[in-house]
Amino acid sequence: MGIHVNDVKQWLFKTNSRMQEEKAYLTALDQAIGDGDHGINMARGFQEVAIKLEKTAYTDIGSLLQDTGMVLLSKVGGASGPLFGTAFMKAAMVCKGKTEATTADLGAALQEAVNGIKLRGKAEVGSKTMLDVWEPVAQYVQEHAEQLSWSALNDLARLSMEKTKEMEAKKGRAAYLGPRSVGHLDPGSVSTYYLMEALCTTMNRSGEPA
Amino acid sequence: MGIHVNDVKQWLFKTNSRMQEEKAYLTALDQAIGDGDHGINMARGFQEVAIKLEKTAYTDIGSLLQDTGMVLLSKVGGASGPLFGTAFMKAAMVCKGKTEATTADLGAALQEAVNGIKLRGKAEVGSKTMLDVWEPVAQYVQEHAEQLSWSALNDLARLSMEKTKEMEAKKGRAAYLGPRSVGHLDPGSVSTYYLMEALCTTMNRSGEPA
Amino acid sequence: MKKLVNHPEAVVREMLEGMVLAHPHIVKQVEGTTVLVRTHAPIQGKVGLVSGGGSGHEPSHAGFVGTGMLDGAVAGEVFTSPTPDQVLEAIKAVNGGKGVLLIIKNYSGDLMNFEMAGELAEAEGIPVRKVIVNDDVAVEDSLYTTGRRGIAGTIFVHKIAGALAESGASLEEVERVANKVIQQVRSMGMALTPCTIPAAGTPGFSIGENEMEIGMGIHGEPGIERIAIAPADDVATTLVNHVLEDMKLTSGDRVAVLINGLGGTPLMELYIVNRKVAALLQDQGIQIHDTYVGEYMTSLEMAGCSVTLLKLDDELTELLDAPAQTIAWKKERRNPSGDTRE
Amino acid sequence: MKKLVNHPEAVVREMLEGMVLAHPHIVKQVEGTTVLVRTHAPIQGKVGLVSGGGSGHEPSHAGFVGTGMLDGAVAGEVFTSPTPDQVLEAIKAVNGGKGVLLIIKNYSGDLMNFEMAGELAEAEGIPVRKVIVNDDVAVEDSLYTTGRRGIAGTIFVHKIAGALAESGASLEEVERVANKVIQQVRSMGMALTPCTIPAAGTPGFSIGENEMEIGMGIHGEPGIERIAIAPADDVATTLVNHVLEDMKLTSGDRVAVLINGLGGTPLMELYIVNRKVAALLQDQGIQIHDTYVGEYMTSLEMAGCSVTLLKLDDELTELLDAPAQTIAWKKERRNPSGDTRE
Ligand SMILES: Nc1ncnc2c1ncn2[C@@H]1O[C@H](COP(=O)(O)OP(=O)(O)O)[C@@H](O)[C@H]1O
Ligand SMILES: Nc1ncnc2c1ncn2[C@@H]1O[C@H](COP(=O)(O)OP(=O)(O)O)[C@@H](O)[C@H]1O
Ligand SMILES: [Mg+2]
Ligand SMILES: [Mg+2]
Ligand SMILES: [Mg+2]
Ligand SMILES: [Mg+2]
């Protein structure tokens, strides 16, 4: 069962809806251990992505993801802008020319995204950043490309996000808090979870993820 | 029954105590229709007067009042400083050279004080200023110099003070409020009442004013 | 009360010490007083300019002492006019033989204390003139009451009279130009939050969470109306309209604009206000010669702003643009040949 | 939320418009961007200096654009680093053929966005160097984490690198001196009250009525301790001690001092803090070359302050004292012969 360019579009529309819904929550998370703008940033960025996708017809997943990355890069700002932007632009290269992608393509694209985030942000897994969701998700998709369970992927994404609560931040603004960052979810991991959740919901045509 | 220089000293010590006790109340009154410093100003000024009088021996009421006026003039500031300062300095001239003053002297001194306040502040009776206590008190003392009842004088002073509540301010900071100044006591009239009350208490040796 | 202070009663003394320590090349303290004067005061052969008032309006007035503006500033207790002896000290310290001009904001207390000081100085043989600034159109101008308050427009009087004095003009000339500015300058303010006199410890008044006060004075004196919180553009429009109504400017007139912050309002918001003020003036064909945005006449930590317009003619323009080197108003001696004019 | 704004989402755009309207002789806006550059940018034959970051720190950074300081400033959303495309616009607009130096405050977001812009500019053939300011000693300096934040000390980098660039120095030279300042500058801040991002509508955190936060960052990032409200002298002592502990100054060293207000704290209190800071430095035999007191790097309407020390040598002294004509830092071209030095 392939991932059609229209699925990708739906995924990003759904992501935008989630970001709008969770704008205040993400901002509150960032108020606790950052500077309180993450929800505002994500909502602004994905709003612009939705506007761009709405008015453009795509047959190429690559160019859809490239546009998404460019919009995020130029509309989000902060730490999350270049990271989400880079992630999508790196993923775009893998999907270049494809109207329909396989789960193996998805795995490769996610891995490229992870590489981009690491190169740009210099964080490692365990630094309490969005990487703590991106990386396990990318790995899981690559390992289970043959028989991908979207609801299992969704669970994994949520679990990874929840795990950031107990981590001590080493990168990003929360790092200034040192040990006091423990006990709070990482805002960027939560927004990354919404992105992955939207992907799973879109692809899991049988309904909501468990 | 004359007013001895030591009575005058006691009067001003008592006035100082009252100003310290009522510092917050006077300030609150001034917060309502002014800038909220009247209690602070009066407490600072009379504190300095008390310090000055404590360390100086006086035989001349004139020089005691002159010193009081000078201290008030240089320590109070605002509108009340020059007015109270002028009042005491004008009163001092009448009492020059006297170790004991008559109630007639007191009447003349108060009248001089009133003249000074009017000249300096250009207010009239009814402008909702301290003059609305000073002037009736001065008048009453002059009219009843022969047989002055301190408790009656005290009542008159309090009544005059209370009357300012219904007046519309024409001078001082409360004048900016126009009709909205009605319904509030004039802070300077209240502090002037404390001054007069302290005088009556000091002189009314039979006890507290009724 | 959340303030960076030590003893609430010592704030003025400690602030003045901190100022002199920060800017010893601009100001010095007259010993034993609350008077700051230019480091090299008195300047011989120059009319001395003295202003002052209660503290809590920083940088007014000591922040405007220096070449091209004031010679001395007298600081009273917070929101309390300074006493005559202090003003007298300032007059004596800046008298360079050509007399002294007192720039007084129109409040009963300031008037009386400065007047008494002026009388004492004249008795000592120093020629003294005084001008009274009353730019606040929120207050009705009436002969029978106290009249209008002096607020942020006072800074333009300092600047322009200061520039003329610097050129060696006579006391009468400096007094004349100061009065000309006073005739041509109008302001109005508003507040979002109250402020707390340190020694009082509690706010002098309160403004509801969804309210603002239009026409607020710089000591928290009530304004003309308490309204629901409105967008910055509406606030700017209200203030400008009140000022224009009083000034009756016509298309082609030239003005200087001052968007003054009251202490707690960030520069970001002042610029948002300026955006609308500039648009409103442009709409009426009024030319903006120059705009000043920032804190000039504050009210402790009060949030809010005032808008001041000064109608310019050639004389006022030249003096406004003249050099000044003070703590809070710096203007180059000559326009640089480089890429900036100011 | 008590703010003089219109649409919370439009504050940055409207603020920039208000700034350009107020100071058209100093700054202009690069069309369609949130970039302000000098009115006459690009200056041919001069290294271009670009700084920027999230908005809400006014007058940083656009207030320091002008002769002798920055060439361009990029404004992000409130507390949000600007995006690479905007930074790129700034680089292009100020490139006068000698390359561009990016002055970046050390935050993940700023670093990444400015870096990407730099890469894009280099791909277009513009030589770009970057320096990273990390003066905040409240944060542990560690290789394994994000490292120190950049706060008010950034202004000294603007000033000194700006002065050298103005003299026609090469990109490498300007980069060198900027890094020298970064080596020698240390700051620490504290806050009494929180601040509210307009689009968020509620304060980012809270501080108890009787508490203050020591080491607070300029975006409300938590500091090192939450303590009971203390007198200004104690606060000054804590901040200075932390800074000195890190700088290890010795008697005879010369410094510039910056007492920076965070937005809601009145000048009166900043001067009271300076009084103690100056005394502490004098106690240690440290010479104060010059002191700056006011709002340079704010945090919306937050109440609080930071103390910055810059250790000076002859080169830095001369560049610090050099002329500048910007909105928020004005320094005469030449010391006047009159009665003031500054
Ligand atoms: N160096 C980094 N590498 C990976 N992710 C990072 C890094 N720095 C920050 N992040 C992520 O960005 C999120 C914060 O984004 P946002 O609040 O929008 O930006 P800012 O921190 O600039 O205000 C963090 O929660 C974290 O997940
Ligand atoms: N022109 C005046 N004539 C007489 N009394 C005045 C005048 N102006 C003000 N006052 C008195 O001064 C009082 C206010 O004193 P205070 O608060 O100490 O000074 P300020 O108004 O300068 O803050 C008023 O309540 C009023 O009684
Ligand atoms: Mg954030
Ligand atoms: Mg008062
Ligand atoms: Mg007062
Ligand atoms: Mg941010």
Side-chain angles (χ1 to χ4, degrees), chain B residues 23-24 26-45 47-48 70-86 89 116-117 119-124 127-130 168-181 184 188, chain C residues 8-9 34 53-56 74-88 107-117 120 136 138-140 142 144-149 194-206 215-224 226 299:
Chain B
K23 177 175 170 180
L26 290 171
T27 293
L29 290 177
D30 198 32
Q31 285 181 334
I33 54 169
D35 58 352
D37 60 354
H38 188 60
I40 303 168
N41 294 344
M42 297 309 288
R44 182 179 56 243
Q47 184 68 60
E48 296 286 342
M70 289 293 286
V71 168
L72 291 175
L73 193 65
S74 69
K75 296 296 176 186
V76 176
S80 46
L83 293 171
F84 276 100
T86 300
M89 282 155 65
I117 291 170
L119 207 68
R120 189 50 70 195
K122 300 186 180 64
E124 292 299 321
S127 303
K128 195 178 184 119
T129 71
M130 58 173 75
E168 178 176 333
K170 296 289 177 200
K171 289 286 168 186
R173 222 174 277 275
Y176 305 132
L177 274 166
R180 284 178 295 162
S181 62
H184 298 274
Chain C
E9 281 78 23
T34 59
S55 292
V74 198
E77 288 298 320
V78 177
F79 289 1
T80 301
S81 167
T83 55
D85 54 313
Q86 300 292 307
V87 180
L88 178 62
Y107 299 95
S108 303
D110 291 75
L111 270 172
M112 290 188 278
N113 286 290
F114 277 78
E115 251 167 24
M116 290 181 85
L120 295 169
D136 188 352
V139 178
E140 213 197 329
S142 159
Y144 308 102
T145 69
T146 303
R148 285 175 164 161
R149 298 177 290 228
C195 60
T196 299
I197 295 178
T202 55
F205 54 100
S206 66
M216 174 67 76
I218 55 169
H219 309 90
E221 300 99 337
I224 52 180
R226 186 67 63 97
S299 190

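If you're wondering where the values come from, they're calculated on a predicted model, not measured in any experiment.
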Heavy-atom proximity to chain C below 4.5 Å, by part of [X]:
{"X": "B:L177", "answer": "side chain"}
{"X": "B:T86", "answer": "side chain"}
{"X": "B:T27", "answer": "side chain"}
{"X": "B:I33", "answer": "neither"}
{"X": "B:K75", "answer": "backbone"}

Residue among [options] with most heavy-atom pairs under 4.5 Å to chain B:
{"options": "C:A199, C:G215, C:G220", "answer": "C:A199"}
{"options": "C:A138, C:G223, C:G54, C:G76", "answer": "C:G223"}
{"options": "C:G217, C:P194, C:P84", "answer": "C:P84"}

Residues forming a salt bridge (Lys or Arg N to Asp or Glu O under 4.0 Å) with C:E221, sequence neighbours excluded: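 C:E221 satisfies salt bridge (Lys or Arg N to Asp or Glu O under 4.0 Å) with B:R173 once adjacent residues are dropped.
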
Partners meeting salt bridge (Lys or Arg N to Asp or Glu O under 4.0 Å) with B:E48 (sequence neighbours left out):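 In terms of salt bridge (Lys or Arg N to Asp or Glu O under 4.0 Å), with neighbours along the sequence ignored, B:E48 is linked to no residue.
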
About how many Å separate [atom2] of [Y] and [atom1] of [X], when rounded to the nearest 0.5 Å?
{"X": "B:D35", "Y": "C:I197", "atom1": "CG", "atom2": "CD1", "value": "5.5 Å"}
{"X": "C:M116", "Y": "C:D85", "atom1": "CE", "atom2": "CG", "value": "10.0 Å"}
{"X": "B:L83", "Y": "B:M130", "atom1": "CG", "atom2": "CE", "value": "4.5 Å"}
{"X": "C:T196", "Y": "C:F205", "atom1": "OG1", "atom2": "CZ", "value": "9.0 Å"}

Check each atom of [X] against the heavy atoms of chain B and say whether the ones under 4.5 Å are side chain, backbone, both or neither.
{"X": "C:P203", "answer": "backbone"}
{"X": "C:I224", "answer": "backbone"}
{"X": "C:N113", "answer": "both"}
{"X": "C:E9", "answer": "side chain"}

Start with the C-alpha distance between B:E124 and B:K170, add both sets of side-chain angles, then the distance that settles side chain to side chain contact (heavy atoms under 4.5 Å, CB included), and finish with yes or no. CA-CA 9 Å; B:E124 292 299 321; B:K170 296 289 177 200; over 6 Å; no

Between [options], who has the most heavy-atom pairs with chain C when the cutoff is under 4.5 Å?
{"options": "B:A24, B:G77, B:G78, B:A79", "value": "B:G78"}
{"options": "B:G36, B:S74, B:A175", "value": "B:S74"}
{"options": "B:R44, B:R180, B:H38, B:R120", "value": "B:R120"}

Check whether any side-chain N or O of C:D110 sits under 3.5 Å from a backbone N or O of C:S81 as a donor-acceptor pair, and report yes or no.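 Flag not set: sc C:D110 to bb C:S81 has no pair under 3.5 Å.
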
Taking B:S181 for its side chain and B:A169 for its backbone only, find out whether a donor-acceptor pair lies under 3.5 Å.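 At least one qualifying donor-acceptor pair exists.
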
Assess whether side chain to side chain contact (heavy atoms under 4.5 Å, CB included) is satisfied between C:Y107 and C:F79, documenting all intermediate values. CA-CA 11 Å; C:Y107 299 95; C:F79 289 1; over 6 Å; no

